[in-house]
Colleague: 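Have a look at the structure that comes next, please.
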Amino acid sequence: MPFATDEEIRIAHDILLKDKKPFDDTRLNIIKEDRSCYVQACPGSGKTTALLAKLIILANRLPMTDGKGVCVLTHTNVAIDEIKAKVGSKANVLFNYPNFFGTIQTFLHKYVTASALHYFYGSQIQYVDNDIAKAVLLKKYSKLPFGNKLKKCIYGMVINKGYPISDDEISAWGGVDILTAAKVIKKKGKKVEKYEFKLKDYDLQNIDDSTIRAQIRAKRDYIKDCQEKEIIINAKVNWQDVKVVINQKHINRTSESATEFIKLKEEMFKEGILSFEDAYDLAFRYIREKNLDFSGFSHKRFKYLFIDEVQDCDHQQEELIKKLFDDEKVIVQRFGDYCQAIYDGERNNENDNDRLKADNVLPIHNSNRFGEKIAKPLRSLCMEDNHQLVGNEDICSVKPVIITYEDPLVVLPKYAELLRTTIIPEMGNISVLDIAIRERGEDPLHRINIKACGWVGKKGTNDKKRYIEAYYPLFERKNTTVKLESDSFDSFLLKSHINSVKDYGTSIIQGVIKFLELCDIKNDSRRYTITSLLDFLATKDVKDKEEFLCNIMEWGRMISKRSEKGDKLQIKETIYNYLTGTFLPLFGKNATESANEFFNATIADGVAEQKLEQGNVYKEENIDIEVATVHAVKGETHASTLYLETSYFGKHESERLAEQFKGIAYTGKEDRKLKSLRVAYVGMSRPRYFLCVAIQKNRFANMDCRELRDIWDVVEA
């Protein structure tokens with residue numbers, strides 16, 4: 001029997017797509033499918049809409065006659081929010097027992113990790129957060145005495161290595177001969193004149209300048225501190241093999257250094273503090289050591305399991321789902337596109353793809369998002385031959401454009417010019433910009449729908465290696481959310497819509513940056529960003545940076561508990577005392593009257609009027625272009641997208657994918673090329689009307705040909 005009747009599907013369609021075309025045969029077959037399957041869907045296919053239709057149909061049927069429910073696993077809360085918005089109160093039944101609707105992480109924590117933590121350590125989950133777990137681990141490590149075996153082990157790993165040093169530093173400190181004699185640097189390799197900075201056994205008596213000696217010691221201490229922290233936060237316990245991995249070295253659990261590390265981790269577990277990886281480790285350890293069969297529980301409770309964006313499941317999540325659900329007892333329907341798997345832990349080899357495609361594949365080859373002119377380059381800019389991709393005949397996309405440049409700073413202005421001058425005749429001879437402005441106005445959230453995206457954001461760009469920051473120097477990789485501007489520090493501290501400690505910490509730092517600006521403290525002529533502020537503190541004294549971050553984390557944790565207003569005011573007073581007594585002296589400044597007014601202004605919780613200032617936005621008159629990484633825009637639909645080529649392992653997209661830009665599909669298995677194709681496919685499949693790609697002029701010259709220009713127009717910036 002089919003999953004749904006025609007009448008049920010019509011009702012679901014009217015809720016989701018009122019006044020739009022009925023579902024076509026491809027999507028009807030997916031909605032009616034009542035067996036385990038894999039829905040392999042092209043970009044903009046409407047696969048989530050098909051999934052939502054199935055859920056609406058189920059919501060109208062629940063409870064099922066056999067008492068079973070439905071489990072929906074997602075990677076974000078977008079699908080949850082969408083069904084709540086579309087269906088309203090009728091959807092509430094999907095969020096009640098015996099159903100589960102939430103992220104894979106939430107399911108793991110609720111049904112497995114919580115039980116494991118209680119079983120092994122008698123504790124309850126307080127935080128599952130990578131940043132908090134790192135901060136707590138570093139704090140515990142810092143309190144270990146110097147003679148501790150773990151500290152000695154890591155110190156030995158750090159102190160015996162050589163570290164990068166620039167030619168400019170060598171020159172500023174007296175040159176190769178002096179520094180070699182002082183045992184500050186040593187030659188690296190035999191053929192090339194390269195040198196490494198050492199951390200021990202200095203002989204500085206021949207360096208007369210005390211300032212240089214102090215700079216050498218400061219660099220040594222900074223590197224040692226950073227390297228130790230990097231090693232400790234990346235150390236892992238392999239609970240199955242009873243070993244600890246420190247700095248990629250496998251250490252037997254019975255050694256003193258391994259024992260000390262396990263002790264630190266178990267102290268955190270007893271306090272209920274875990275990283276995301278810890279949560280998985282505990283879950284698998286619990287299942288293994290107790291020989292649990294969760295699939296016996298899951299099929300009694302759930303009739304259906306739906307997994308959205310399945311290509312984003314990493315290996316641990318795949319294994320967890322296998323252990324928790326039996327495909328032969330639960331109907332498992334996976335929705336995704338393995339060609340868009342771009343996250344860490346992604347499946348990136350042919351065997352993984354074959355496994356996904358093995359059973360009952362239901363493909364969607366026609367996109368609702370873009371027209372034929374954008375579909376054309378995407379048929380070859382894909383990790384496999386994508387010739388079946390079909391554009392939407394109702395979407396009037398224009399021919400994609402390659403923007404060539406010598407100076408990357410001219411690319412965004414040229415893109416803005418093209419947005420103004422590119423006309424779509426079928427839509428009344430109006431420009432792409434006018435269409436974008438109109439559609440942004442129709443969006444209830446008025447989100448920016450013109451974007452520029454690239455793979456690698458901020459990594460020290462130069463003439464040979466381009467990154468996003470080359471095109472937009474103000475780019476901040478972590479700046480993916482809005483910045484809040486207000487006349488009161490309270491608006492950064494007392495925000496009702498924030499839930500996580502990490503977000504509270506970020507907000508408090510933004511308030512501190514505003515406070516600094518009002519004290520006339522800037523990074524040269526510009527306002528500090530979070531990154532540049534932390535960089536300043538690290539160069540001043542790494543301990544100042546660590547103290548600042550520890551305080552921020554503690555204040556975030558305290559605020560997140562949503563205590564009484566009086567408690568929050570006490571926290572605010574603590575912050576003010578720290579800023580005026582400890583922080584401002586680092587800049588040689590005192591609090592100004594305007595800064596004090598900003599800090600002391602009070603507001604009621606959650607009712608501050610705030611001006612939303614979107615981060616990473618290039619602005620011209622009546623144009624906002626948001627600049628982001630490809631990972632940040634995955635899943636979005638834009639009116640127009642500019643893809644910025646960047647360097648990945650020494651090659652840009654125009655070098656690695658030159659043949660694919662000409663329309664020749666790739667059929668090989670070279671890993672970096674496949675990864676480049678996946679990222680390019682995700683980034684270039686965002687726009688509805690207009691796609692541009694920025695390529696440096698000399699690189700474009702190596703790929704220019706008639707076949708390429710049949711697919712792309714070319715303009716020079």
Side-chain angles (χ1 to χ4, degrees), residues 1-4 26-41 45 47-59 61-76 79-80 83 94-95 97-108 110-112 280 283-284 287 292-338 340-341 345-347 351-364:
M1 280 185 63
F3 176 84
T26 297
R27 288 156 184 82
L28 279 174
N29 289 338
I30 290 167
I31 295 170
K32 289 183 176 182
E33 182 59 67
D34 202 32
R35 298 171 297 160
S36 292
C37 64
Y38 179 83
V39 178
Q40 164 59 25
S45 63
K47 63 176 173 53
T48 300
T49 301
L51 171 57
L52 292 175
K54 296 180 84 105
L55 295 177
I56 289 169
I57 291 164
L58 281 172
R61 287 186 194 162
L62 292 171
M64 297 181 196
T65 54
D66 57 7
K68 292 183 181 181
V70 55
C71 180
V72 185
L73 299 181
T74 68
H75 290 276
T76 69
I80 300 171
I83 195 166
L94 289 171
F95 304 98
Y97 185 88
N99 309 302
F100 177 87
F101 198 143
T103 65
I104 298 173
Q105 289 284 354
T106 303
F107 188 92
L108 168 74
K110 183 174 182 179
Y111 293 108
V112 191
Y280 281 106
F284 285 117
I287 292 170
L292 298 174
D293 180 14
F294 271 91
S295 64
F297 146 78
S298 60
H299 90 271
K300 292 176 182 176
R301 175 167 170 179
F302 301 117
K303 181 174 182 179
Y304 295 99
L305 167 64
F306 299 107
I307 310 170
D308 197 21
E309 302 292 356
V310 69
Q311 78 281 349
D312 293 336
C313 290
D314 59 27
H315 178 69
Q316 285 183 313
Q317 290 169 332
E318 285 183 14
E319 289 302 309
L320 181 74
I321 290 169
K322 284 181 186 176
K323 289 185 179 297
L324 300 184
F325 296 93
D326 185 339
D327 281 30
E328 295 183 1
K329 296 178 180 177
V330 178
I331 295 172
V332 180
Q333 298 193 347
R334 297 170 168 86
F335 291 72
D337 179 6
Y338 53 80
Q340 297 188 67
E346 65 204 346
R347 26 176 100 76
N351 291 333
D352 286 332
N353 292 338
D354 287 342
R355 187 174 68 251
L356 274 179
K357 296 181 285 186
D359 299 317
N360 196 18
V361 177
L362 303 178
I364 307 179

Colleague: Give the minimum heavy-atom separation between G67 and P98, together with the two atoms involved.
Modeller: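 Nearest pair, atom of G67 first, then P98: O-CG, 3.6 Å.
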Colleague: Looking only at side-chain N and O atoms, does E319 offer a donor or acceptor that is under 3.5 Å from a partner on Q317?
Modeller: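 No, because no side-chain N or O of Q317 sits under 3.5 Å from a partner of the opposite role on E319.
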Colleague: What's the separation between atom SG in C71 and atom CD1 in I307, rounded to the nearest 0.5 Å?
Modeller: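 It is 8.5 Å, given to the nearest 0.5 Å.
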Colleague: Roughly how far, to the nearest 0.5 Å, is the NE2 atom of H299 from the CG atom of D293?
Modeller: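 Going from the CG atom of D293 to the NE2 atom of H299 covers 9.0 Å.
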Colleague: For F101 versus L94, what's the shortest heavy-atom pair and its separation?
Modeller: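 So the minimum-distance heavy-atom pair works out to CB-O, 3.9 Å.
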Colleague: Is there a side-chain contact (heavy atoms from CB on, under 4.5 Å) between L73 and V310? Walk through the geometry before answering.
Modeller: CA-CA 9 Å; L73 299 181; V310 69; over 6 Å; no
Colleague: Looking at K47 and D308, is there a salt bridge between them, counting it only when a charged N and a carboxylate O are closer than 4.0 Å?
Modeller: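 Between K47 and D308 there is a salt bridge, with a charged N closer than 4.0 Å to a carboxylate O.
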Colleague: Who are the side chain to side chain contact (heavy atoms under 4.5 Å, CB included) partners of L320, not counting sequence neighbours?
Modeller: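 In terms of side chain to side chain contact (heavy atoms under 4.5 Å, CB included), with neighbours along the sequence ignored, L320 is linked to L108, Y280, F284, L324.
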Colleague: side-chain contact (heavy atoms from CB on, under 4.5 Å), that's the test. Do I57 and I31 meet it? Break it down for me.
Modeller: CA-CA 10 Å; I57 291 164; I31 295 170; 4.0 Å; yes
Colleague: I'd like to know if the side chain of R27 reaches the main chain of T49, judged simply by a donor and an acceptor atom lying under 3.5 Å from each other, with no hydrogens or angles considered.
Modeller: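 No.
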Colleague: For Q311 versus D337, what's the shortest heavy-atom pair and its separation?
Modeller: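 Scanning both residues, the minimum pair turns out to be OE1-N, 2.9 Å.
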Colleague: How close do G69 and N99 get, counting heavy atoms only, and between which atoms?
Modeller: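 Nearest heavy atoms, G69 then N99: CA-OD1, 3.1 Å.
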Colleague: Any chance you could measure S298, atom OG, to F107, atom CZ, to the nearest 0.5 Å?
Modeller: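 Rounded to the nearest 0.5 Å, the OG-CZ separation comes out at 7.0 Å.
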Colleague: Nearest heavy-atom pair of I331 and D34: which atoms, and what distance?
Modeller: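 Answer, listing the atom of I331 first, then D34: CD1-O, 3.3 Å.
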Colleague: Between D327 and R334, does a salt bridge (Lys or Arg N to Asp or Glu O under 4.0 Å) hold up when you go through it step by step?
Modeller: CA-CA 11 Å; D327 281 30; R334 297 170 168 86; 3.6 Å; yes
Colleague: For C37 and L362, which heavy atoms make the closest approach, and how far apart are they?
Modeller: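 Heavy atoms only, the tightest pair is SG-CD1, 4.0 Å.
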Colleague: So, are K323 and E318 salt-bridged, with charged N and O less than 4.0 Å apart?
Modeller: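 A salt bridge is absent here (no side-chain N lies under 4.0 Å from a carboxylate O).
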Colleague: Going by heavy atoms in the side chains, are Y304 and K68 under 4.5 Å from each other?
Modeller: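 Answer no - side chains too far apart.
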Colleague: A side-chain contact here means heavy atoms from C-beta on lying under 4.5 Å apart; do N360 and R35 qualify?
Modeller: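 When only atoms from C-beta onward are counted, R35 and N360 do touch, with a gap below 4.5 Å.
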Colleague: Is any side-chain heavy atom of K54 less than 4.5 Å from a side-chain heavy atom of F306?
Modeller: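 Side chain of K54 against side chain of F306, heavy atoms only: contact under 4.5 Å found.
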Colleague: Do M64 and L62 have side-chain heavy atoms sitting under 4.5 Å apart?
Modeller: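 Heavy-atom side-chain distance check passes, below 4.5 Å.
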Colleague: Do V72 and F100 have side chains that get closer than 4.5 Å, going by heavy atoms?
Modeller: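 Side chain of V72 against side chain of F100, heavy atoms only: no contact under 4.5 Å found.
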Colleague: Nearest 0.5 Å, please: how far is CD in E309 from OG1 in T74?
Modeller: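 T74 OG1 to E309 CD: 9.5 Å, rounded to 0.5 Å.
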Colleague: Looking only at side chains, do Y38 and Q40 share a donor and an acceptor under 3.5 Å apart?
Modeller: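 Y38 vs Q40: donor-acceptor pair found between side chains.
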Colleague: Indicate yes or no: at least one non-hydrogen side-chain atom of F325 is less than 4.5 angstrom from one of F302.
Modeller: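 Yes, their side chains come closer than 4.5 Å.
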Colleague: Using the side chain to side chain contact (heavy atoms under 4.5 Å, CB included) criterion, which residues pair with D326? Sequence neighbours excluded.
Modeller: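 Partners of D326 under the side chain to side chain contact (heavy atoms under 4.5 Å, CB included) test: S295, E328, K329.
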Colleague: Any side-chain heavy atom of F335 sitting closer than 4.5 Å to one from Q333?
Modeller: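 The answer is yes; the side chains approach within 4.5 Å.
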